[in-house]
Amino acid sequence: MIQITFPDGNVREYPNGTTAMEVAESISSGLARNVLSARINGEVWDATRPIEGNATIALLTWIDKDGKSTFWHSSAHLLAEALEALYPGVQFGIGPAIESGFYYDVDLGDKTLSFDDLPAIEKKMLELAKEKNTYDRREVSKEEALAYFTEKGDTYKIELINELEDGTITFYQQGAFVDLCRGPHIPDTGKIKAVKLLSVAGAYWRGDEKRKMLTRIYGITFPKQKELKAHLEMMEEAKKRDHRKIGQELELFMFSERVGAGLPIWLPKGNALRERLMNFMREEQEKRGYKMVTTPHIGKKELYITSGHYAKYGEDSFQPIETPREGEEFLLKPMNCPHHCEIYANKPHSYRDLPLRIAEFGTVYRYEQSGELHGLSRVRGFTQDDAHIFCTPDQLKEEFLNVLDLTKTVLSRMGFKNFTAQISLRDPGKPEKYIGSDENWEAAERAIIEATDEVGLETVQELGEAAFYGPKLDFMVRDAIGRSWQLGTIQVDYNLPDRFELEYIGSDNQPHRPVMIHRAPFGSLERFISILIENTAGKFPLWLLPEQYALLPINEKVVDYCKTIADKLAIHDIRGFIDDRNESIGRKIRDTELKRIPYMLIVGDQEAANGNVSVRRQGQGDQGIMTLDEFAAHFQEVLNIEKEA
RNA sequence: GCCAGCAUAGCUCAGUUGGCCAGAGCAGCUGAUUUGUAAUCAGCGGGUCGGGGGUUCGAAUCCCUCUGCUGGCUCCA
């Protein structure tokens with residue numbers, strides 16, 4: 001007998017070689033039906049795999065993240081089985097579960113697969129699922145594994161096997177389909193009741209753009225049809241929040257083929273939003289001792305040779321602009337730091353001057369591959385809320401903490417709660433990717449980790465995600481369809497001060513090298529606004545809105561009364577406009593609702609006679625009659641709630 | 001840049017297997033209407049079907065190419 005320990009600490013005895021499924025059955029048949037896999041001694045296993053020796057167990061079902069992931073990984077195998085049945089000779093790459101569903105990378109030879117082919121594959125998958133084939137695990141020798149896939153002619157699997165150690169290789173088989181796989185899998189295919197293949201896309205084999213591009217099929221599956229339906233409805237809802245759609249509807253920004261791809265054009269309403277964001281940032285920065293500067297949009301090529309950016313990105317940038325007579329070369333600035341370094345170098349500095357915090361809303365231009373462009377999130381010209389802090393090594397941590405505080409203030413003021421703070425570190429295996437000494441890298445990485453620990457910021461660390469000149473702390477936020485984007489960033493840089501030979505005179509009367517922090521709490525206004533739109537579905541916080549209310553006169557006679565209201569509200573710093581079009585009140589309300597203007601003040605003969613307004617809130621309907629003072633008080637209260645949130 | 005798609009009026013979309021002057025709703029303009037919580041009514045104007053080239057007696061429809069867009073991949077100072 002062996003002892004099995006349950007998550008609640010209970011211990012029960014079972015015969016040696018018992019499976020998780022049998023354990024589940026011993027508890028209830030309902031549980032057994034729902035078990036997808038099990039965590040045995042911390043490792044996720046097949047529910048049908050015999051447990052040898054004492055163990056801890058956690059039975060995993062659809063509600064567990066690992067249960068879902070087992071389900072989706074098994075679904076990838078089902079997809080592969082269907083593909084093999086429909087397209088004999090297909091070769092397989094890898095087929096993992098992802099955050100929401102799964103994919104399989106396949107090589108169909110000369111055959112190209114398009115979206116229209118997916119329904120037939122879905123149908124085959126459901127057909128195969130109904131066979132309720134079990135997923136059978138088998139340990140194989142490397143020799144046997146190679147022999148099988150050589151016979152089958154699957155070059156990708158052979159490549160994978162060659163990198164595995166003999167004795168650790170397992171095959172899984174369901175129905176006629178055998179795959180190289182570590183597992184685990186669900187007990188049988190019958191649990192997969194609902195299948196939706198979402199898209200086909202190209203994906204380079206092993207993520208290497210020099211290697212062959214395989215066909216990637218994305219899909220998602222569920223144990224119940226109803227769940228699939230709910231999921232698809234959710235995706236539809238998310239699409240309505242897409243900033244590209246809302247941006248057009250609300251006339252915030254546009255693109256023009258003639259101006260060029262990836263070059264956003266801000267329309268008056270979007271620009272007003274931008275201005276408010278910038279003013280907010282200006283105020284917050286002024287409180288924290290930043291000085292604003294303005295620098296040109298271009299800089300001589302030599303500037304970027306000095307900074308090291310030319311060597312790193314010269315080929316992959318917009319190419320230099322030349323002066324017609326002198327032949328001087330200028331680059332569109334891809335970042336502001338070299339210009340700011342020159343500002344620092346403009347005069348000698350004493351340690352007493354530091355930290356020096358130089359800020360600019362700097363518009364920069366970067367070449368992005370055409371396939372990468374995406375609305376406002378990935379563009380070729382954008383404005384950073386950039387600043388560079390020059391400080392002594394001793395001040396580094398305090399300055400970092402100061403920036404951290406600013407960034408957190410910004411995110412909370414915007415109502416962003418679901419961000420991830422990611423510390424991006426070097427890839428230790430690829431020193432050639434980075435410039436700067438080991439010593440400086442270590443010091444910088446340590447500073448970031450310590451500062452985030454100190455403020456209790458929860459972070460994730462990613463190796464290999466650092467910029468080429470230094471480690472960074474990025475704030476990542478998700479868009480409407482779950483993609484993660486970098487917004488705010490804080491980067492420590494020992495390199496640029498070196499390259500620009502920046503100095504300050506210390507208390508010892510000797511020259512020293514300052515440390516530099518690059519930071520942008522919004523990141524770029526473009527991307528920030530794209531996320532703001534998707535997070536709020538275009539219903540922006542009240543304090544940010546240029547148009548907070550619309551005054552809707554019911555007839556012409558009350559327009560003058562509306563004007564007196566607007567004047568009085570302006571005194572309270574409440575902004576809005578009068579919709580005096582010759583339209584029905586129903587139409588005015590509908591149009592204002594669609595423009596997502598938070599307050600509608602409806603005024604007819606009664607309101608004009610009584611000196612009040614009828615208040616309607618966007619999306620919430622009639623709020624009843626209020627006097628102006630009542631409305632102003634209510635308004636102020638909402639602003640206060642926003643501020644504290 | 002690569003893979004797979006898409007591109008018809010300002011917007012959202014129809015347009016059967018290539019066949020008369022390319023359609024609708026909304027928006028716009030003109031007029032009537034002065035309206036009580038999500039679309040008042042009527043009339044009118046508007047598209048070299050993304051650009052260019054080709055096949056054909058004939059192309060929005062088929063082929064090539066460029067541009068832009070969508071979903072991925074790679075990249076992201």
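Naming: A, B, ... by sequence-line order, numbering from 1 per chain. Hydrogens, waters and symmetry mates are skipped; everything else that's a heavy atom, side chains included, is used.
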> Of all the nucleotides listed (B:rG1, B:rG36, B:rU40), which has the minimum atom distance to the side chain of A:Asp605?
Replying inline: B:rG36

> What nucleic acid atoms does A:Gln620 come within less than 4.0 Å of, heavy atoms only: base, sugar-phosphate, or nothing?
Replying inline: nothing

>> Taking 5.5 Å and 30° as the limits, would you call A:Tyr218 and the base of B:rG72 a stacked pair?
In response: no

> Between residues 550-557 of chain A and RNA chain B, which residues have a heavy-atom gap below 4.0 Å?
Replying inline: A:Ile554, A:Asn555, A:Glu556

>> The criterion is salt bridge (charged side-chain N to carboxylate O under 4.0 Å, His left out); which residues satisfy it with A:Arg478, sequence neighbours excluded?
In response: A:Glu99

> side-chain hydrogen bond (donor to acceptor under 3.5 Å, both in side chains): which pairs involve residues 106-117 of chain A, sequence neighbours left out?
Replying inline: A:Asp107-A:Tyr156, A:Asp107-A:Lys212

> Within a reach of under 6.0 Å around NZ of A:Lys539, are more than 12 heavy atoms found that belong to other residues, nucleotides or ligands?
Replying inline: no

> Which nucleotide in the set B:rA38, B:rG36, B:rU70 lies at the smallest distance from any side-chain heavy atom of A:Arg590?
Replying inline: B:rA38

> When we call it a touch if two heavy atoms are under 4.0 Å apart, what does A:Glu583 touch: a base, just sugar-phosphate, or nothing?
Replying inline: base

>> Of the listed nucleotides (B:rG71, B:rC2, B:rC11), which one gets closest to any side-chain atom of A:Gln248?
In response: B:rC11

>> Is A:Tyr469 close enough to B:rA77 that one of its side-chain N or O atoms is under 4.0 Å from OP1 or OP2 there?
In response: no

>> Within the 3.5 Å criterion, strictly below it, is a donor on A:Tyr599 or A:His634 matched to an acceptor on the partner's side chain?
In response: yes

>> Closest approach to the side chain of A:Arg587, judged atom by atom: which nucleotide of B:rA27, B:rG71, B:rG36 is it?
In response: B:rA27

> Counting side-chain heavy atoms from C-beta on, which of B:rG36, B:rG5, B:rA38 comes nearest to A:Leu594?
Replying inline: B:rA38

> For atom P, what is the distance between B:rC49 and B:rC44, given to the nearest Å?
Replying inline: 25 Å

>> In whole Å, measure the gap between the P atoms of B:rU55 and B:rA60 for me.
In response: 16 Å

>> Heavy atoms only, 4.0 Å cut-off, all strands: where does A:Arg244 land among base, sugar-phosphate and nothing?
In response: sugar-phosphate

> Checking all strands, does A:Gly604 fall into the base, sugar-phosphate, or nothing category for heavy-atom contacts under 4.0 angstrom?
Replying inline: base

> Nearest of B:rC3, B:rA4, B:rC75 to any side-chain atom of A:Glu368?
Replying inline: B:rC75

> Looking only at N and O atoms, is any donor in the side chain of A:Arg206 or the base of B:rC73 less than 3.5 Å from an acceptor on the other one?
Replying inline: no

>> Using heavy-atom distances to pick each residue's nearest nucleotide on RNA chain B, tell me which of A:Gly375 and A:Lys433 is more 5'.
In response: A:Gly375

>> Base, sugar-phosphate or nothing for A:Gly207? Non-hydrogen atoms, less than 4.0 Å.
In response: sugar-phosphate

> Nearest to the side chain of A:His374, which nucleotide is it out of B:rG71, B:rA77, B:rG36?
Replying inline: B:rG71

> Closest to the A:Thr112 side chain: B:rC69, B:rA4, B:rG72?
Replying inline: B:rA4

> Any salt bridge between A:Asp622 and A:Arg616, counting N to O under 4.0 Å?
Replying inline: no

> B:rA77, B:rU37, B:rU67: which one has an atom nearest the side-chain heavy atoms of A:Glu257?
Replying inline: B:rU67

> With sugar-phosphate meaning primed atoms plus P, OP1 and OP2, does A:His518 contact a base, only sugar-phosphate, or nothing at under 4.0 Å between heavy atoms?
Replying inline: nothing

> Is the side chain of A:Arg241 donor-acceptor paired with the backbone N or O of A:Glu534 at a distance under 3.5 Å, no angle test?
Replying inline: yes

> Can you tell me how far C1' in B:rA77 sits from the matching atom in B:rG5, rounded to whole Å?
Replying inline: 32 Å

>> Please report the distance separating the C1' of B:rC69 from the corresponding atom of B:rU8, rounded so that it comes out in whole Å.
In response: 15 Å

>> Rounded to whole Å, how long is the line connecting atom CG of A:Asp105 with atom C1' of B:rC73?
In response: 9 Å

> Does A:Arg380 reach the main-chain N or O of A:Glu368 with its side chain, forming a donor-acceptor pair under 3.5 Å?
Replying inline: yes

> Which side-chain hydrogen bond (donor to acceptor under 3.5 Å, both in side chains) pairs, counting each pair once, include a residue from residues 256-269 of chain A, with sequence neighbours left out?
Replying inline: A:Trp266-A:Glu526

>> Does B:rU35 have its OP1 or OP2 closer than 4.0 Å to a side-chain nitrogen or oxygen of A:Ser584?
In response: no

> Does a side chain donor of either A:Thr420 or A:Gln422 reach within less than 3.5 Å of an acceptor in the other side chain?
Replying inline: no

> Is the A:Tyr365-A:Phe318 ring centre distance short of 6.0 angstrom?
Replying inline: no

> When rounded to the nearest Å, what value does the distance between C1' atoms of B:rA22 and B:rC13 take?
Replying inline: 14 Å

>> As a test of reading the structure: which of B:rC73, B:rC69, B:rU37 is closest to the side chain of A:Ser614, going by heavy atoms?
In response: B:rU37

> Within this structure, what is the CD-to-P distance between A:Gln369 and B:rG68, rounded to whole angstrom?
Replying inline: 14 Å

>> I need the CG-P distance between A:Leu198 and B:rG5, as an integer number of Å.
In response: 17 Å

> Does the B:rG1 base have a donor-acceptor partner in the side chain of A:Tyr204 within less than 3.5 Å?
Replying inline: yes

>> Looking at A:Lys333 and A:Glu360, is there a salt bridge between them, counting it only when a charged N and a carboxylate O are closer than 4.0 Å?
In response: yes

> Would one find a side-chain N or O of A:Arg483 under 4.0 angstrom from OP1 or OP2 of B:rG72?
Replying inline: yes

>> What is the separation between atom CG on A:Leu118 and atom C1' on B:rG5, rounded to the nearest whole Å?
In response: 11 Å

>> I want to know whether A:His340 and A:Phe500 have ring centres closer than 6.0 Å.
In response: no

> Expressed as a whole number of Å, how far does the C1' atom of B:rC73 sit from that of B:rG47?
Replying inline: 37 Å

> Is A:Arg211 positioned over the aromatic face of A:Tyr204, cation under 6.0 angstrom from the ring centre and no more than 45 degrees off axis?
Replying inline: no

> Would one find a side-chain N or O of A:Arg380 under 4.0 angstrom from OP1 or OP2 of B:rC76?
Replying inline: no

> When the P atoms of B:rG53 and B:rG58 are considered, how many whole Å apart are they?
Replying inline: 15 Å

>> Once you apply a heavy-atom cut-off of 4.0 Å, does A:Ala201 come out as touching a base, just sugar-phosphate, or nothing?
In response: base

>> By nearest heavy atom, map A:Gln491 and A:Asp242 onto RNA chain B; which one lands nearer the 5' end?
In response: A:Asp242

> Hey, does A:Ser114 reach any base, or is it just sugar-phosphate, or nothing, if we go heavy atoms under 4.0 Å?
Replying inline: sugar-phosphate

>> Within the 4.0 Å heavy-atom criterion, would you say A:Ile585 contacts the bases, only the backbone, or no part of the nucleic acid?
In response: sugar-phosphate

>> Restricting to ring pair (Phe, Tyr, Trp, His ring centres under 6.0 Å), what partner residues turn up for A:Phe468, sequence neighbours left out?
In response: A:His309, A:Tyr313

> Under 4.0 angstrom, heavy atoms only, what part of the nucleic acid is A:Arg216 near: base, sugar-phosphate, or nothing?
Replying inline: sugar-phosphate

> When you look for runs of 3 or more Watson-Crick or G-U pairs in a row, both distances below 3.5 Å, which of them include RNA chain B?
Replying inline: B:1-7 with B:67-73, B:10-13 with B:23-26, B:28-32 with B:40-44, B:50-54 with B:62-66

>> Rounded to whole Å, how long is the line connecting atom NZ of A:Lys245 with atom P of B:rC69?
In response: 18 Å

>> Just to be sure I understand the rule, does A:Asp316 reach a base, reach only the sugar-phosphate, or reach nothing, if contact means heavy atoms closer than 4.0 Å?
In response: base

>> In whole Å, measure the gap between the P atoms of B:rU61 and B:rA7 for me.
In response: 11 Å

